[in-house]
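Here is how names work: the chains are called A, B, and so on, in the same order as the sequence lines, proteins then strands, and each is numbered from 1.
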Protein chains: 2
Amino acid sequence: MSITIKDIAKQAGVSVTTVSRALNGYPDIKPETRQRILRIAAEANYHPSAIARSLVMKKSRAIGLIISELTDLGSGYHMLFDVIRGVNDQAMALGYDLILSATDPEQQREIPYIELCQRRQLEGVVLMGVRTDDPYLKEVLDASVPCALVDIPLTADSCTYVTLDNVQGAKLAVQHLVERGHRRIGLINGHNQAFVSRERWKGYGEGLKEAGIPLREEWVAYGDFEQESGAECIENLLAADPELTAVFCASDIMAIGAIQRLKQLGKRVPEDVAVVGFDGLELTQFLTPSVTTIVQPRHRFGVEAVNLLVRMMAGETPEPIILNPELREGQSTGK
Amino acid sequence: MSITIKDIAKQAGVSVTTVSRALNGYPDIKPETRQRILRIAAEANYHPSAIARSLVMKKSRAIGLIISELTDLGSGYHMLFDVIRGVNDQAMALGYDLILSATDPEQQREIPYIELCQRRQLEGVVLMGVRTDDPYLKEVLDASVPCALVDIPLTADSCTYVTLDNVQGAKLAVQHLVERGHRRIGLINGHNQAFVSRERWKGYGEGLKEAGIPLREEWVAYGDFEQESGAECIENLLAADPELTAVFCASDIMAIGAIQRLKQLGKRVPEDVAVVGFDGLELTQFLTPSVTTIVQPRHRFGVEAVNLLVRMMAGETPEPIILNPELREGQSTGK
DNA sequence: ATCCCCCTCGAAAGCGTTTTCGAAATCAGA
DNA sequence: TCTGATTTCGAAAACGCTTTCGAGGGGGAT
């Protein structure tokens, strides 16, 4: 059906060996023969089969992008998309094809990690959206396929990660609020199955400590990164301490939910309660009030993950990449 | 390196043929031999190479997901992600692997369509986010690889599509506004390189006509689906006709931009100007005011696209799928 | 004229599967 | 016990490519 290297060889009156050499830029071939072959191949609109090539070279030139919980409308929703873009862009730029595989722990549709890698001969894998208790994780850590984790600070023989300095990010948020004069600052954290939650909690604590503010149990609530949970949490926090004047949310989406509920409760933002979000979603700039947030370089996560991967595939054992957070001021924390 | 079918054969003391047969459920094999082979394969954690299999079977069991303008933060931003999820879910459910390829017309990084298909032996392709003037389109239409288009109403020999009834959707929006008593209704449309824009324009016109309202040139503005353009357009429209009391936006994002700008101009929504969006983004429910919108079954787009694909791969020539829009009321059009 | 080396190219093996074709073994019926 | 059908299995080719190894030819040096 499809046109093969043999056809080109026949057409050019040479052997397949010669065609292969011409196409792959080997030196031991007469320049004019090469030109002729190239021309014929182009005219015939010939493109070598990546499959056949993979088989013989034992390299697929493909990397996997595995996302847990993609089907969950959930947590990283807005975050994930940009990371996907980054991974895609860099993979393409480097000549790798991307195989997307979104798994879903709940529905048991998980294909064992190893199997996927073996089946498609993946040269490396970018893994994201994984909970701390996800079964994938164990498999990955002792598999031999290079793996770059996004927002999961674990390393192993063939495994490293890229993430934000979440501790620093959370601290930035708290510092910003302290500068604005707040002393009673709540935290609406994400669920504990997310690695980032622990770090943001830590950063929150450090931020308070540096300001000489003792941490209080009732200032911390746990949501699930979703809008609704942000609303519920802020209500709970206010019930526990009506004097609360500020809250730091571990996701912009929860921040939006919180602001929404605050309005319903008759509280003004930022006059009565100031709010800081996390993620740096574009839409936060266009809300009323616009939301102060810790911005993550999401696209770059993807790019760097692929970069880590190719370095690992080259035999290196690169250090994890920890990107710096930035605070973007909005109206939700006043001027 | 990796364990192959030969290893299993040797282990079991049979030929590779027999192993292949056992694994693939052929009947001509003694039940107990099959069991033994299966056991051995499982113990060895063996998984057949999809690559080798593809080569000999000339079927890759892989479909491509090609997205133009993914790198554009742009237009379908929020829409695309859900469609991707749908494609992924259904592809997995049906046992196909997904190869993601986001191209970018601007940066010329486009890999010719045909080449991609040939290289990876794709059995079918889902194509989305393509402009009317995109070079891909021509290639696709006369290629022989089955192709399912999303939101691009074109058919060809091996090509069909899934989309929303955009005419009906726009009409729903206008009807809703008319019911609320509006007579001067503007349209903030998307750019004309999007297929959907033409249809939404048509639906807008029909909606007005049915209400006996003559369409006026200056009621129509063209944005690019982005927030900023929504803001600019509403300002222009109001400049052209200060009496405007309602506007229908061809994307939720533009609607948000428009509402934002309206507030800045001292107009109340919906009291002074009512706004309807398009897409049915979740976040529209959580804004103040929440946005009335035409909801698209985005996830289902992906699912149906894959369904179309497999039917085409089976030799059928299925009819296009046109899904029905639904209006979801928010506060932006009053009660 | 001889020898050696370099340049250019082809034959063939091999990658891990599936599948065709036929052979061996088993079984039924007589 | 023999025949023929049926069941169970193996040898080998094929898929499209890369790569090793070596052959042939031309040119320069001796």
Are any of B:Thr33's side-chain N or O atoms less than 4.0 Å away from OP1 or OP2 of D:dC9? yes

On the nucleotide D:dT18, are OP1 or OP2 found under 4.0 Å from the side-chain N or O atoms that A:Ser20 carries? yes

Starting the side chain at C-beta, find the nucleotide from [options] nearest to [X].
X: B:Leu55; options: C:dG16, C:dC9, D:dC9; value: C:dG16
X: A:Pro48; options: D:dA11, C:dC9, D:dC17; value: D:dC17
X: A:Lys30; options: D:dG10, C:dC15, C:dC9; value: C:dC9
X: A:Lys58; options: C:dT18, D:dC9, C:dC15; value: C:dC15
X: A:Arg21; options: C:dT18, D:dG10, C:dC9; value: C:dC9
X: B:Ile5; options: C:dT17, C:dA11, D:dG10; value: C:dT17
X: B:Tyr26; options: C:dT19, D:dG16, C:dG16; value: C:dT19
X: B:Asp28; options: D:dT20, D:dC9, C:dC15; value: D:dC9
X: A:Tyr46; options: C:dT17, C:dA11, D:dC17; value: D:dC17
X: A:Thr18; options: D:dG16, D:dC9, C:dC9; value: C:dC9

Do A:Thr163 and A:Val150 make a side-chain contact, defined as non-hydrogen atoms from C-beta onward lying under 4.5 Å apart? no

What integer distance in Å separates [X]:[atom1] from [N]:[atom2]?
X: B:Gln35; N: D:dT8; atom1: CD; atom2: C1'; answer: 16 Å
X: B:Arg53; N: D:dG16; atom1: CZ; atom2: P; answer: 18 Å
X: B:Arg120; N: D:dG16; atom1: CZ; atom2: P; answer: 17 Å
X: A:Arg61; N: D:dG16; atom1: CZ; atom2: C1'; answer: 19 Å
X: A:His47; N: D:dG16; atom1: NE2; atom2: P; answer: 16 Å
X: A:Met57; N: D:dG16; atom1: CE; atom2: C1'; answer: 13 Å
X: A:Lys6; N: D:dT18; atom1: NZ; atom2: P; answer: 13 Å
X: B:Ile51; N: D:dG16; atom1: CD1; atom2: C1'; answer: 13 Å

When you match A:Ser15 and B:Leu23 each to their closest nucleotide on DNA chain C, which lands nearer the 5' end? A:Ser15

N-O pairing of A:Asp82 and A:Arg85 below 4.0 Å: yes

Strictly below 4.0 Å, N to O, side chains only: are A:Arg39 and A:Glu43 in salt-bridge contact? yes

Exercise: do B:Thr18 and B:Ser15 side chains pair donor with acceptor under 3.5 Å: yes

Assert: residue with more 5' nearest nucleotide on DNA chain D, out of B:Ile29 and A:Thr17, is B:Ile29

Crowded around A:Arg300 CZ? As in, over 12 foreign heavy atoms under 6.0 Å? no

Within 45° of the six-membered ring axis of A:Tyr96 and under 6.0 Å from that ring's centre, is NZ or CZ of A:Arg61 located there? yes

